[in-house]
Amino acid sequence: MSNKHLKNTNPYNPLPEDFFQQPTLKLAEALLGCLLINETEEGIASGYIVETEAYMGPEDRAAHSFGNRRTKRTEIMFSEAGVAYTYVMHTHCLVNVVSGPTDKPEAILIRAVEPVDGIELMKKRRNIEIPKNLTNGPGKLTKALGITMGDYGRHFTEPPLLLVKGITPQEISRGKRIGIDNSGEAKDYPWRFWITDNPFVSRHRKKD
DNA sequence: CCTATGATTTACT
DNA sequence: GTAAATCATAGGG
């Protein structure tokens, strides 16, 4: 397979329909290397997913859906797998892939991507020049790709927000999640996955 | 209506 | 390393 990224004249290689049906922890791992694409009026921007975190719903204190908490915000997590859960954190929008069967409120946070298409557009949106800092964090990548609350509930299987087949990671690492120190025992669950040694991973811990 | 809080980023000591 | 920015969401009065 060509290593060059696909252009819109060449149809993207779609993920199999049952891709999103696999268990959340497996899906979190399987998403690594997939190409996340967003089309807006400004143009197309895309990147390979290099870091994810799983949020396991009722039993996960760190999840918004802990204890089956069901609100206007978390409602989408109870729907079918493969739709987008976007929400605002401080001043940033974060994007998740809803996972698990219907009524199981599980989701996978996309924490970092490696820029592929639309790099100039990303620089403009982020107002920086250094490619390395464009998408190496959950709030950064949404701004670079132009993902907003308007994408809440969109299906990743159809434009403008798309997940398609990308690259196959050479090696995958697994460790504790980030930024949930106030979540009791859940803070130590090893539900974060990343492509080993990828420079766009949001942050390196000494030990995971 | 009012207040607390955060799955972050950025700048600073 | 620490702290401030800054606002939608959630929950209580």
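FYI, side chains are in, hydrogens and waters are out, and symmetry mates aren't considered; it's all heavy atoms of this structure. Chain A is the first sequence line, chain B the second, and so forth, proteins listed ahead of strands; every chain is numbered from 1.
Aromatic ring centroids of A:H64 and A:Y87 lie under 6.0 Å apart.
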Polar-atom pairs under 3.5 Å, protein N or O versus N or O of nucleotides 4-8 of chain B: list them with distances, or write none.
residue	atom	partner	partner atom	Å
B:dG6	OP1	A:N182	ND2	2.8
B:dG6	O5'	A:N182	ND2	3.3
B:dG6	N2	A:H90	N	3.4
B:dA7	OP1	A:H64	NE2	3.2
B:dA7	O4'	A:Y55	OH	3.4
B:dA7	N9	A:Y87	OH	3.4
B:dA7	N7	A:A62	O	3.4
B:dA7	N7	A:H64	NE2	3.0
B:dA7	N6	A:H64	ND1	3.4
B:dA7	N1	A:N96	OD1	2.5
B:dT8	OP1	A:R111	NH1	3.2

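Within 4.0 Å (heavy atoms only), A:R126 reaches sugar-phosphate atoms of the nucleic acid but no base atom.
Between A:K187 and A:D181, none of the side-chain N atoms (NZ, or NE/NH1/NH2) sits under 4.0 Å from a carboxylate O, so this pair counts as no salt bridge. Looking at A:E29 and A:K26, no side-chain N of the basic residue comes within less than 4.0 Å of a carboxylate O on the acidic one, giving no salt bridge.
Neither side chain, A:S65 nor A:T74, offers a donor N or O lying under 3.5 Å from an acceptor on the other.
For DNA chain B, each stem of at least three Watson-Crick or G-U pairs (distances under 3.5 Å) is given as range with range: B:1-6 with C:7-12, B:8-12 with C:1-5.
The side-chain tip of A:R70 points at the ring of A:F78 from less than 6.0 angstrom away and within 45° of straight on. Under the 6.0 Å distance and 45° angle rule, A:R177 counts as a cation-pi partner of A:Y55.
At whole-Å resolution of the value, CG in A:N68 and P in C:dA10 are 15 Å apart. Nucleotide C:dA10 holds its P atom 13 Å from the CZ atom of A:R70, rounded to whole Å.
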Using the side chain to side chain contact (heavy atoms under 4.5 Å, CB included) rule, take A:V50 and A:W194 through it: C-alpha gap first, then chi angles, then the decisive distance, then the call.
CA-CA 5 Å; A:V50 300; A:W194 67 97; over 6 Å; no

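Among residues two or more places apart in sequence or in another chain, the side chain to side chain contact (heavy atoms under 4.5 Å, CB included) test is passed with A:E42 by A:T40, A:L121, A:K124, A:R125.
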